[in-house]
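Data block below; observations after.
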Amino acid sequence: MGTILILTNSSGGLYDFRNELLLGLLNKHRVIISLPDDTKVKELQEEGCEIITTPINRRGVNPREDGKLFLAYRKLLKQVKPDLVITYTIKPNIYGGFACRLLRIPYMSTITGLGGAFDRKGLFLKMIVCMYRAGLRKAECIFFQNKENKGIFDGFRIRGKKERLVNGSGVNLERHVFEEYPKEGKTAFLFVGRVMKERGILEFLEAAVRLHRDDVEFAILGYCDEDFQELLNEYEEKGIISQWGFHTEVHPFLTRAGAVVVASFHEGMSNALIEAAATGRPVIASDISGCREAFEEGVTGFGFTPGDADDLIGAMEKFLALSRPERARMGKAAREKMEREFDRKQVIRAYLEEVDRIVE
């Protein structure tokens with residue numbers, strides 16, 4: 001039995017999207033997880049994982065805080081002496097990877113998305129590139145969730161010992177079962193995700209204002225990650241939107257949707273899209289890597305240019321022009337695509353293959 005240490009920035013994300021991997025690892029290994037919150041700690045511990053709390057400022061760029069994170073990871077590695085470290089998300093990838101490299105501990109990393117970091121210019125971009133190179137240079141395997149992210153890393157010569165491309169985290173087809181399309185009621189456009197500018201909330205709200213009518217509902221499922229709560233409350237009071245809140249179990253809400261909207265500017269691979277598609281719901285999605293792979297234009301949904309409210313509204317209008325049977329067929333095609341291409345079992349198999357190769 002080996003010891004696997006996982007470094008991540010969210011217990012909820014780990015449990016919701018990678019729990020099947022944890023269960024696979026627990027069959028053969030001791031699994032220790034370093035994370036900053038307690039949202040899903042109870043569930044992880046009940047399965048047999050050991051939890052160590054490591055504070056992370058997910059969005060901050062304070063060098064002192066990040067330096068403390070690197071030191072915390074280095075101390076943790078010396079204490080645990082893992083046979084393999086698996087890292088997810090930017091800061092664990094960079095600082096955890098660099099600590100592993102210095103201590104000569106095998107590690108593999110997953111690029112879950114790049115955000116806007118590589119859209120920057122000048123000194124900031126050079127700094128990000130240097131940090132990624134330092135963190136990932138000795139990675140036994142780097143997992144990418146879309147070809148564009150891999151291409152960007154290749155262009156900046158950010159490489160590990162090996163790279164693999166997987167379809168995001170995949171989707172659990174048993175958990176997100178197919179649901180029949182709603183036969184009556186309002187058509188609900190459901191925005192799923194954190195409420196923030198880079199997730200396209202402003203464009204969604206503009207669409208809600210301009211397409212407001214009695215037979216259409218604009219709903220938001222997610223928590224405010226930026227200062228939009230007052231605006232959301234104002235729009236809800238006016239009857240323009242509905243706030244469905246933040247829930248760790250999203251499937252019951254996906255079933256209520258007529259179409260799920262993901263308006264992000266950047267994605268690794270949109271879990272919201274693939275879960276919606278698995279549920280049998282058409283999608284309205286940003287035409288970007290990380291979304292584009294998860295839908296087929298006019299077959300399982302409609303794409304639009306992120307940041308362009310007019311284009312988003314155009315996609316919504318095309319969807320509203322469809323009959324309910326046409327929308328239902330679109331949802332069925334979406335489910336079939338998930339079964340063919342996004343079954344989480346395929347993704348887990350790829351990770352376990354690499355673990356078995358590294359931890360003999």
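What's counted below: heavy atoms across the whole structure, side chains too, no hydrogens, waters or symmetry copies.
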Shared hydrophobic cluster, Val262 / Ile313 (ILVMFWY, side-chain heavy atoms < 4.5 Å):
no

Under the criterion side-chain hydrogen bond (donor to acceptor under 3.5 Å, both in side chains), I'd like the reasoning laid out for Arg18 against Thr8: C-alpha separation, chi angles, the key distance, then a yes or no.
CA-CA 11 Å; Arg18 301 174 181 96; Thr8 186; 5.4 Å; no

If you look only at distance, which donor and acceptor atoms sit under 3.5 Å apart when one is on a side chain in residues 287-294 and the other is two or more places apart or in another chain?
residue	atom	partner	partner atom	Å
Asp287	OD1	Arg292	NE	2.7
Ser289	OG	Glu148	OE1	3.4
Arg292	NH2	Asp287	O	2.9
Glu293	OE1	Gly290	N	2.7

Are side-chain N/O atoms of Asn233 and Gln229 paired as donor and acceptor at under 3.5 Å?
yes

Between Asn167 (side chain) and Glu341 (backbone), is there a donor-acceptor pair under 3.5 Å?
yes

Partner residues of Ala99 under the side chain to side chain contact (heavy atoms under 4.5 Å, CB included) criterion, sequence neighbours left out
Phe70, Tyr73, Arg74, Leu77

Apply side-chain contact (heavy atoms from CB on, under 4.5 Å) to the pair Arg175 and His251, showing each step before the final yes or no.
CA-CA 8 Å; Arg175 181 180 177 188; His251 186 78; 6.0 Å; no

Does Lys162 have more than 12 heavy atoms from other residues, nucleotides or ligands lying within 6.0 Å of its NZ?
yes

Between the side chain of Arg101 and the main-chain N/O of Ala139, is any donor-acceptor distance below 3.5 Å?
no

Look at the rings of Phe302 and Phe319 and say which category their plane angle falls in: under 30° parallel, 30 to 60° tilted, over 60° perpendicular.
perpendicular

Are Val85 and Ile56 linked, directly or through intermediate hydrophobic residues, by side-chain heavy-atom contacts shorter than 4.5 Å (ILVMFWY only)?
yes

Judged by atom type as modelled, is there a donor-acceptor pair below 3.5 Å linking the side chain of Asp311 to the main-chain atoms of Thr305?
yes

Could you check whether any side-chain heavy atom of Leu205 comes within less than 4.5 Å of a side-chain heavy atom of Phe191, counting everything from C-beta outward?
no

Hey, is the main chain of Lys40 close enough, under 3.5 Å, to the side chain of Ser11 for a donor-acceptor pair?
yes

Answer yes if the ring centres of Tyr88 and Phe17 are under 6.0 angstrom apart, and no otherwise.
no

Using a strict threshold of under 4.0 Å (side-chain N to carboxylate O), is an ion pair present between Asp343 and Arg349?
no

Give the cluster check for Ile6 versus Tyr15: same hydrophobic cluster or not, with ILVMFWY residues linked at side-chain heavy-atom distances below 4.5 Å.
yes

Below 4.0 angstrom, N of the basic side chain to O of the carboxylate: do Glu339 and Arg335 qualify?
yes

Between the side chain of Tyr181 and the main-chain N/O of Gly258, is any donor-acceptor distance below 3.5 Å?
yes

Hey, is the main chain of Leu173 close enough, under 3.5 Å, to the side chain of Arg344 for a donor-acceptor pair?
no

Is Lys197 paired with Glu226 through a side-chain N to carboxylate O contact shorter than 4.0 Å?
no

Is the Phe218 ring parallel, tilted or perpendicular to the Phe204 ring (thresholds 30°, 60°)?
perpendicular

Keeping Arg256 on the side-chain end and Ala188 on the backbone end, is there a donor-acceptor pair under 3.5 Å?
no

Residues in side chain to side chain contact (heavy atoms under 4.5 Å, CB included) contact with Thr53, at least two apart in sequence or another chain
none

Taking NZ, NE, NH1 and NH2 as the nitrogens, is one of them in Arg281 or Glu275 under 4.0 Å from a carboxylate oxygen of the other?
no

For a 4.5 angstrom cut-off between non-hydrogen side-chain atoms, does Arg159 reach Asp154?
yes

Any salt bridge linking Arg210 with Glu206? Criterion: basic side-chain nitrogen under 4.0 Å from a carboxylate oxygen.
yes

Just wondering, do His266 and Leu114 contact through their side chains at under 4.5 Å, heavy atoms?
no

Lys28 (side chain) donor-acceptor with Leu25 (main chain) under 3.5 angstrom
no

Please walk me through it: do Thr87 and Ser109 pass side-chain hydrogen bond (donor to acceptor under 3.5 Å, both in side chains)?
CA-CA 5 Å; Thr87 69; Ser109 303; 2.8 Å; yes

Would Asn19 and Glu47 satisfy side-chain hydrogen bond (donor to acceptor under 3.5 Å, both in side chains), going step by step from the backbone distance to the final call?
CA-CA 10 Å; Asn19 193 52; Glu47 290 178 344; 2.8 Å; yes

Does Asp227 have more than 12 heavy atoms from other residues, nucleotides or ligands lying within 6.0 Å of its CG?
no

Using salt bridge (Lys or Arg N to Asp or Glu O under 4.0 Å), reason through Glu234 and Lys238 one step at a time and then give a plain yes or no.
CA-CA 6 Å; Glu234 177 188 337; Lys238 293 179 178 178; 3.1 Å; yes

side-chain contact (heavy atoms from CB on, under 4.5 Å) assessment of Ile51 paired with Asp38:
CA-CA 9 Å; Ile51 306 298; Asp38 61 1; over 6 Å; no

With a cut-off of 6.0 Å (strictly less than), are more than 12 heavy atoms of other residues, nucleotides or ligands near CD of Glu180?
no

Heavy-atom closest pair (Ser264 atom, Pro306 atom, distance to 0.1 Å) is O-CB, 3.5 Å

Without swapping roles, check the side chain of His176 against the backbone of Thr279 for a donor-acceptor pair under 3.5 Å.
no

With Val299 via side chain to side chain contact (heavy atoms under 4.5 Å, CB included) - residues at least two apart
Glu296, Ala333

Do Phe144 and Val166 share a hydrophobic cluster, counting only Ile, Leu, Val, Met, Phe, Trp and Tyr and linking them when any side-chain heavy atoms are less than 4.5 Å apart?
no

Applying a strict under-4.5 Å side-chain criterion to I, L, V, M, F, W and Y, I'd like to know whether Met108 and Ile90 cluster together.
no

Minimum heavy-atom separation for Pro106 and Ile358, please, with both atom names.
CB-CG2, 3.8 Å

Angle class for the Tyr351/Phe143 ring planes (parallel below 30°, perpendicular above 60°, tilted otherwise)?
parallel

Is the distance between the ring centroids of Phe153 and Phe118 under 6.0 Å?
yes

More than 12 foreign heavy atoms under 6.0 Å from CD of Glu249: is that the case here?
yes

Would you find a donor on one side and an acceptor on the other, under 3.5 Å apart, between the side chain of Lys345 and the backbone of Gly170?
no

Shortest non-hydrogen contact from Asn9 to Pro92?
N-CG, 4.2 Å

Tell me whether the count of non-hydrogen atoms from other residues, nucleotides or ligands lying under 6.0 Å of NZ in Lys318 goes above 12.
yes

Given the rule in the side-chain contact (heavy atoms from CB on, under 4.5 Å) test, do Lys337 and Phe295 qualify, once you have shown the distances and angles that lead to the verdict?
CA-CA 8 Å; Lys337 180 177 177 65; Phe295 77 99; 5.6 Å; no

How does the hydrophobic cluster around Phe246 look, that is, which other residues are in it when side-chain heavy atoms under 4.5 Å mark a link?
Tyr223

Crowding at CZ, Arg104 (>12 non-hydrogen neighbours, <6.0 Å)
no

Are Lys68 and Glu65 ion-paired here, with the side-chain N under 4.0 Å from a carboxylate O?
no

Set of ring pair (Phe, Tyr, Trp, His ring centres under 6.0 Å) partners for Phe342, sequence neighbours left out:
none

Are more than 12 heavy atoms, taken from residues, nucleotides or ligands other than Asn27, located less than 6.0 Å from that residue's CG atom?
yes

Which pair of non-hydrogen atoms, one from Pro282 and one from Gly280, has the smallest distance, and what is that distance?
CD-O, 4.0 Å

Between Glu217 and Lys186, is the closest basic N to carboxylate O distance under 4.0 Å?
no

